[in-house]
Amino acid sequence: MGKDLDLEKLALRLLCAGTAEGHVRDTLGPLLRDYAWRSTLHRAIFDAIAAVPSSDPEHLRQLLPAKLTRMGFPDIDWAELFAPSPMSKEEAISTVRQMIAGA
């Protein structure tokens with residue numbers, strides 16, 4: 001279960017901060033729409049990200065804390081979610097597809 005939660009955190013991080021090559025939210029968001037999140041917190045974060053029309057990390061950083069607090073999740077490590085990933089876009093997409101497949 002720990003690996004699954006780590007992968008979920010990575011997927012959320014990729015949605016928030018993107019990759020070294022830029023944003024991947026438009027690609028990963030639809031892939032994750034029907035994913036069965038193992039963590040209620042991770043599901044809530046995903047729902048909040050999906051509700052924000054912009055994929056700009058700074059815009060997300062401004063809106064998400066208040067949104068999640070209203071959803072009942074005030075204590076989130078935002079620095080972790082907005083840490084840039086060194087992954088390429090292809091690696092990010094492949095990793096999320098593997099997570100969804102349960103590999």
>> What I'd like to find out is whether the side chain of T40 reaches to under 4.5 Å of the side chain of F73, using heavy atoms alone.
In response: yes
> Is a donor on one side and an acceptor on the other found under 3.5 Å between the side chain of R13 and the backbone of A83?
Replying inline: yes
> Restricting to pairs with a member in residues 76-93, which pass side chain to side chain donor-acceptor pair (under 3.5 Å), not counting sequence neighbours?
Replying inline: S88-E91
> With sequence neighbours excluded, what pairs up with Y35 under the ring-ring contact (aromatic ring centres under 6.0 Å, His included) test?
Replying inline: W37
> What closest approach, in Å, do P74 and T69 show between heavy atoms, and which atom pair accounts for it?
Replying inline: CA-OG1, 3.7 Å
>> Return the CG to SG distance between L60 and C16, rounded to the nearest 0.5 Å.
In response: 5.5 Å
> Could you give the distance from CD1 (I49) to CZ (R25), rounded to the nearest 0.5 Å?
Replying inline: 7.5 Å
>> Can you tell me how far apart CD1 (I93) and OG1 (T27) are? Round to the nearest 0.5 Å.
In response: 4.5 Å
> From M99 CE over to S94 OG, what is the distance, rounded to the nearest 0.5 angstrom?
Replying inline: 12.0 Å
> Given the rule in the side chain to side chain contact (heavy atoms under 4.5 Å, CB included) test, do L15 and V24 qualify, once you have shown the distances and angles that lead to the verdict?
Replying inline: CA-CA 6 Å; L15 289 170; V24 289; 5.8 Å; no
> Of the non-hydrogen atoms in A20 and P86, which two are nearest, and what is the gap between them?
Replying inline: CB-O, 4.0 Å
>> I need the full list of salt bridge (charged side-chain N to carboxylate O under 4.0 Å, His left out) pairs touching residues 49-58, with sequence neighbours left out, sorted by first then second residue.
In response: E58-R61
>> Rounded to the nearest 0.5 Å, what separates atom NE2 in H23 from atom CG in L28?
In response: 12.5 Å
>> How long is the straight-line distance from NE2 of H42 back to CZ of R38, given to the nearest 0.5 Å?
In response: 11.5 Å
> Between R97 and L31, is there a donor-acceptor pair closer than 3.5 Å when you use the side chain of the first and the backbone of the second?
Replying inline: no
>> Do I45 and L41 have side chains that approach each other closer than 4.5 Å (heavy atoms only, starting at C-beta)?
In response: yes
>> In the structure I gave you, are the side-chain heavy atoms of L10 and M87 within less than 4.5 Å of one another anywhere?
In response: yes
